[in-house]
Amino acid sequence: MRIRLSRALPVAAAVLAAGAVLAAVAARPVAAATADVPGPVPHAAPTADHATYIVTVRGDADPAEVAERVGATPVHIYRTVLHGFSARLSPEQVEALRAMPDVVTVEEDSGAAGFGTAF
């Protein structure tokens, strides 16, 4: 059986990303999930020098609505492997998202690295 590398790599990257998210969720303290919802976030538009973050939200939360609450413009909304969005975020937006009870993780986006050989 022969598997095309161009099809195997995206699947492997998604599996690695999902594992990283699950590890981050397991490490998050329970008290953080019950924190009060913060007030409105000043809508200071992130600039090109702000980092891109991947934000995962609870399954019953709408990722686009969560992004809107902090004035973020999603680069992508995830609804398959992850439930969340990616966006360039200011430090204030990152802080506000981390305080929201329906946000699971807020992680700076970084390149994915593989290991070993694929099939």
Side-chain angles (χ1 to χ4, degrees):
M1 180 175 161
R2 199 169 176 169
I3 296 177
R4 290 177 53 188
L5 189 58
S6 64
R7 291 186 185 181
L9 287 178
V11 172
V15 170
L16 288 173
V21 169
L22 289 175
V25 169
R28 186 178 173 135
V30 175
T34 60
D36 290 334
V37 176
V41 176
H43 292 272
T47 61
D49 62 335
H50 285 130
T52 301
Y53 287 81
I54 296 177
V55 180
T56 55
V57 300
R58 288 190 340 227
D60 59 344
D62 178 18
E65 191 270 328
V66 172
E68 184 179 307
R69 276 193 265 158
V70 296
T73 303
V75 173
H76 188 78
I77 295 182
Y78 303 102
R79 297 187 190 273
T80 307
V81 175
L82 300 175
H83 188 69
F85 64 93
S86 63
R88 286 196 177 276
L89 301 173
S90 69
E92 295 80 15
Q93 289 170 314
V94 170
E95 190 176 311
L97 284 164
R98 286 185 172 146
M100 290 181 179
D102 48 354
V103 172
V104 179
T105 62
V106 180
E107 299 294 330
E108 189 170 347
D109 192 7
S110 61
F115 56 90
T117 57
F119 304 98

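We're numbering straight along the sequence, starting at 1. A quick note: this is a predicted structure, and the numbers were derived from the prediction, not measured.
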| query | Just how far is it from atom CD of E107 to atom CZ of R98, taken to the nearest 0.5 Å? | reply | 6.5 Å
| request: Kindly compute the distance separating NE2 (H76) from CG (D109), expressed to the nearest 0.5 Å. | output: 11.5 Å
| message | Would R69 and D102 count as a salt bridge (charged side-chain N to carboxylate O under 4.0 Å, His left out) here? Give the steps. | response | CA-CA 12 Å; R69 276 193 265 158; D102 48 354; 2.5 Å; yes
| message | Measuring only between side-chain heavy atoms, which start at C-beta, is L89 closer than 4.5 Å to T52? | response | no
| Taking it one step at a time, do V94 and Y53 satisfy side-chain contact (heavy atoms from CB on, under 4.5 Å)? | CA-CA 8 Å; V94 170; Y53 287 81; 3.6 Å; yes
| Would you call R79 and D62 a salt bridge, taking side-chain N to carboxylate O under 4.0 Å as the test? | yes
| Regarding T105 and T56, is there a side-chain donor-to-acceptor distance under 3.5 Å anywhere? | yes
| Looking at V57, V104, I77, which hits side-chain contact (heavy atoms from CB on, under 4.5 Å) with H83? | V57
| Does some side-chain heavy atom of V66 sit less than 4.5 Å from a side-chain heavy atom of M100? | yes
| field | A87 to P74 - nearest heavy-atom pair and separation | value | CB-CA, 4.0 Å
| field | Residues V106, I54; criterion side-chain contact (heavy atoms from CB on, under 4.5 Å); working and verdict | value | CA-CA 6 Å; V106 180; I54 296 177; over 6 Å; no
| request: With rounding to the nearest 0.5 Å, note down the distance linking CD in E95 to OG in S90. | output: 9.5 Å
| Are the side chain of Q93 and the backbone N or O of V70 linked by a donor-acceptor pair below 3.5 Å? | yes
| said: Any heavy-atom pair between the side chains of P63 and Y78 that's under 4.5 Å? | reply: no
